[in-house]
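Taking it in order: structure first as structure tokens, then the write-up.
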Amino acid sequence: MEELGQKLSFDAKRAMVNELRRSFEEGKTMGYEWRVAQLKAILRMMDEREADFMAALHSDLSKPYFESFLHEISLIRASCSLFLKQLKHWMKPVKVLAAITTYPSTAHIVSEPLGVVLVISTWNYPFMLSLEPVIGAIAAGNAVVLKPSEVAPATSAMFAKVFPEYVDNSCIRVVEGAIHETTALLKQRWDKIFYTGNSRVAKSIMTAAAKNLTPVILELGGKSPVVVDPNCDLKIVAKRIVVGKWGCNNGQACVCPDYIITTKSFAPRLVDALKSTLEGFYGKDPQQSKDLSRIVNSKHFARLTRLLDEDRVSGNVVHGGQRDEKQLFIAPTIVLNAPLDSPIMTEEIFGPLLPITTVDKVEDSFSVIKSRPKPLSAYLFTKNKKLEEKFVMTISAGGILINDTTLQVANPDLPFGGVGESGFGSYHGKFSFDAFSHKKGVLSRGFGGETPARYPPYTPWKQALLRNLINGSIITLILVLLGWPMA
Ligand code: NAD
């Protein structure tokens, strides 16, 4: 067998999946104790190797330590703690009402693990977005293979090196690699594939999964809009937009504000407030700030500068725009009124550029959002409760947050996932447990309570009785409960 957590040949991958499947079939992952032991091992790994992971995140993205701690390490710690607290309860069969049609009987829903699952992760939160689904998969009792993103190579290498030192390698493995390795992994048979990344690759994932009828969860992105109603507290709005955009990996987060919609008359005040907040947070020369991540690589740097340098966009930059290719740095940049069909307004930005689109009335923002693919997140700032209600009821999005940005991901009682082109399936907290479980309905009967009317010959008398029963006739029900023979 090749080394644990390394790049594997195709045959070695098949052997690895077979080995994991054997462990699963032997029931190794089923018990509460095994699941808890793995979750505790992950917590211990974080206690003992936090600094190494933080250094890897810094090497991959120049991610500020505060952000790595808050958005990656702390979220996973909180997640492990929640699972350790709730798992016993979540694993218990859930009793449901027995139907009169099956009287007498009891009914339960049993959460059973799916088998061997594959988690394919992405680069922007390479620690959190790898472990969050893995924790759910383990807690639900599955064997799991994690494929971290090659675009964050230091974090990927840390997982490959460190994870096997803590968790049970007969059931949990890390495989590093890029397209070639992922394609080979996708040729194996999985019981679920959990993919985080872009929608183009998601189509290949689904195609590969379809060969074995493997269910998938796709955590994708898109353009998350922020509607700003002039009826708001502008100072707070500016701080919450800036921290949700540039304070989240410098705009490289799936839930970051992608574009703002506000009214024509309010836009100048909003731009001024954003500019002064940016200066307050990152100084006059943001390149000197230690609190901004860098662009992940030169490919993404080129993609972002292409969006900015487009003819119809470059003249509309009202703030920022400075860049330094060697340092992979692009300053926080605001663009006012880029044409709605320009790439910056049609492609997901996933970086430090923030276009603002204007409309006559704030309500007009709804049709702008609805004319586009359903976003992963939609944000609204307003003091107007009626507008808030209308937004929640009419805008379809993975999730909605009113009067703030990005914080919805921090509530484990809310499902996190997309809709339409932003993906499908959800996770976090109990939703993760459910995402990696099969909900098995179990109906249990004894040998009493025979109802002769269900057996042939189907006489008109039996049919009439059953029809009455099914239509809810109380008298018939009482007669049947009293053992009235419906022969
Ligand atoms: P990426 O390049 O890291 O790719 C994601 C994974 O897919 C990697 O593990 C990679 O190895 C694999 N991959 C890449 N090309 C492949 C191919 N041709 N065949 C098989 N596997 C392949 O990440 P990315 O796609 O640049 O991620 C950015 C996107 O992810 C954005 O759209 C963002 O919005 C989205 N995203 C979504 C979430 C979420 O939770 N919904 C979180 C983060 C990022």
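In listed order, ligands and their atoms are each counted from 1. Note: hydrogens, waters and symmetry copies are ignored here, and every other heavy atom, side chains too, is used.
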* Asked: Between atom NZ of Lys290 and atom OH of Tyr65, what is the distance when rounded to the nearest 0.5 Å?
  -> 11.0 Å
* Tell me: protein heavy atom nearest atom 25 (O) of ligand 1, and distance? -> Asn198 ND2, 2.6 Å
* For the atom pair SG (Cys171) and CD (Glu19), what is the distance rounded to the nearest 0.5 Å? -> 9.0 Å
* Asked: Which part of Ser204 is near ligand 1, with near meaning a heavy atom under 4.0 Å away: side chain, backbone, both or neither?
  -> neither
* **Shortest protein contact, atom 33 (C) of ligand 1 (heavy atom only)** => Phe350 CE1, 3.4 Å
* Asked: Looking at atom 29 (C) of ligand 1, what's its closest protein heavy atom, distance included?
  -> Gly197 C, 3.4 Å
* Per-atom contacts, ligand 1 versus Ile179 - under 4.0 Å to a heavy atom -> 15 (N), 16 (C), 17 (C), 18 (N)
* Asked: Of the options Phe366, Phe381, Tyr379, which is the one that meets Phe391 in a ring pair (Phe, Tyr, Trp, His ring centres under 6.0 Å)?
  -> Phe366
* Give the residue, atom name and distance (to 0.1 Å) of the protein heavy atom nearest atom 39 (C) of ligand 1. => Cys254 SG, 3.4 Å
* **Nearest neighbour in protein (non-hydrogen) for atom 9 (O) of ligand 1** => Ser121 O, 2.7 Å
* Heavy-atom proximity to atom 5 (C) of ligand 1, best of Val409, Thr196, Ile205, Ile120 -> Thr196
* Structure fact -> To atom 7 (O) of ligand 1, the nearest of Phe416, Trp123, Tyr125, Tyr195 on a heavy-atom basis is Tyr195
* Passing candidate, side chain to side chain contact (heavy atoms under 4.5 Å, CB included) with Thr405, options Cys248, Pro257, Ser224 -> Pro257
* Structure fact -> The option among Val151, Leu220, Ile217, Thr122 carrying the non-hydrogen atom nearest to atom 41 (N) of ligand 1 is Leu220
* Check ligand 1 against Thr182 and write out every atom of the ligand that is under 4.0 Å from a heavy-atom position of the residue. => 11 (O), 20 (C), 21 (N)
* **Verdict with supporting geometry, Glu50 and Arg77, salt bridge (charged side-chain N to carboxylate O under 4.0 Å, His left out)** => CA-CA 11 Å; Glu50 176 180 312; Arg77 263 214 189 97; 3.0 Å; yes
* Glu348 and Arg303 ion-paired at < 4.0 Å -> no
* To do: Report the distance from atom CD of Glu176 to atom OG of Ser149, rounding to the nearest 0.5 Å.
  => 10.5 Å
* Asked: Who's the nearest protein heavy-atom neighbour of atom 31 (C) of ligand 1, and how far?
  -> Glu348 OE1, 3.4 Å
* Do ligand 1 and Lys147 have nitrogen or oxygen atoms that lie under 3.5 Å from each other? -> yes
* For atom 3 (O) of ligand 1, what's the nearest protein heavy atom and its distance? -> Ser149 OG, 2.6 Å
* To do: Would you mind running through ligand 1 and noting each atom that sits below 4.0 Å from a heavy atom of Glu150?
  => 8 (C), 10 (C), 11 (O)
* Asked: Any donor and acceptor pair, going by atom type alone, linking the side chain of Thr394 with main-chain N or O of Lys390 inside 3.5 Å?
  -> yes
* Asked: Can you list the ligand 1 atoms lying under 4.0 Å from a non-hydrogen atom of Leu129?
  -> 42 (C), 43 (C)
* Structure fact -> Tightest non-hydrogen contact, residues Asn124 and Lys63, listed as O-NZ, 2.9 Å
* Asked: Quick one: NE2 on His428 to CG on Leu82, what's the gap to the nearest 0.5 Å?
  -> 11.5 Å
* Run down the list Leu376, Asn249, Val255, Val201 and name the one with the heavy atom closest to atom 13 (N) of ligand 1. => Val201
